[in-house]
Amino acid sequence: MPATREVPRFDPVRVRGGHRSGRLVRHRRRAVAVGLAVTATALVAAGPRESDGARGHPRARPPAQTGPVSGEHPAHTRRTAGAVTAPVRIADAATVRLLRPGDRVDVIAAEGALPGGDARVVARGARVTKVPEPLEGAGDSGALVVLSVPRATAARLAGASATGRLAVTLW
């Protein structure tokens, strides 16, 4: 085994100017804040406009069981494959007056006229494409609304309107 030796004394090494990464680390909080501000500005600039959606409603895809509804554009300009427009008579005309083109609704069919009767959702997330003006002398027969729905859902809507009363819930 060799003998131990003493380490000679020397002056410390000093680096002038430092590293650029050292400055970045010192100003890390400022760099992160600037990055977040730029990202937020880009997201706001690329976000939806008021005219894109239905009166502040979030754009959500309907559940998978109803299939694709109309795309991000209004139904009168472009529809996705398989989507059709379906005129539907809603039993409560006052409810239809609340609807605007672009709104999303669920259509519910009430079987029978008795309270507590069977009710089921016939269409989920259907987009309202048009709300026609009520006809003079229509009486108590409800009101018409035009929806954009998948072809299979349109068939269920037609069948449900023949056997029961339809109602809508606004998303």
Exercise: identify the closest heavy-atom pair between [X] and [Y]:
{"X": "D106", "Y": "W171", "value": "OD1-NE1, 2.8 Å"}
{"X": "G102", "Y": "R127", "value": "O-NH1, 3.0 Å"}
{"X": "R165", "Y": "A91", "value": "NH2-CB, 3.4 Å"}
{"X": "V84", "Y": "A154", "value": "CG2-CB, 3.7 Å"}
{"X": "D103", "Y": "L98", "value": "OD2-O, 4.1 Å"}

Review point. Can you list the residues that meet the side chain to side chain contact (heavy atoms under 4.5 Å, CB included) rule with I90, with sequence neighbours excluded?
Key: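 Applying side chain to side chain contact (heavy atoms under 4.5 Å, CB included) to I90 gives V88, V96, V145, L166, V168.
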Point to revise | Contacts of type side chain to side chain contact (heavy atoms under 4.5 Å, CB included), residue A94, not counting sequence neighbours | key: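 Applying side chain to side chain contact (heavy atoms under 4.5 Å, CB included) to A94 gives D92, R97.
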For [X], what are the other residues in its hydrophobic cluster, where any two members join if their side-chain heavy atoms are less than 4.5 angstrom apart?
{"X": "V7", "value": "none"}
{"X": "V121", "value": "I108"}
{"X": "V32", "value": "L36"}

**Study point:** Between CZ on residue R104 and OG on residue S148, distance to nearest 0.5 Å
**Key:**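 The CZ atom of R104 sits 8.0 Å away from the OG atom of S148.
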Exercise for review: May I ask whether V131 and L147 are part of the same hydrophobic cluster, defined by side-chain heavy atoms of I, L, V, M, F, W, Y residues being less than 4.5 angstrom apart, directly or through others?
Suggested key: yes
Check your understanding: Going hydrophobic residue to hydrophobic residue with side-chain gaps under 4.5 angstrom, can you get from V146 over to L170?
Key ->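 They do not share one cluster, since no chain of ILVMFWY contacts under 4.5 Å joins V146 to L170.
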Practice item. Please name all residues satisfying salt bridge (charged side-chain N to carboxylate O under 4.0 Å, His left out) with R120, sequence neighbours left out, ordered by chain then number. Key: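 Checked R120 against salt bridge (charged side-chain N to carboxylate O under 4.0 Å, His left out); matches are E111.
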Practice item. Please name all residues satisfying side-chain hydrogen bond (donor to acceptor under 3.5 Å, both in side chains) with S161, sequence neighbours left out, ordered by chain then number. Key: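 Testing S161 for side-chain hydrogen bond (donor to acceptor under 3.5 Å, both in side chains), a comparison that skips the adjacent residues, returns none.
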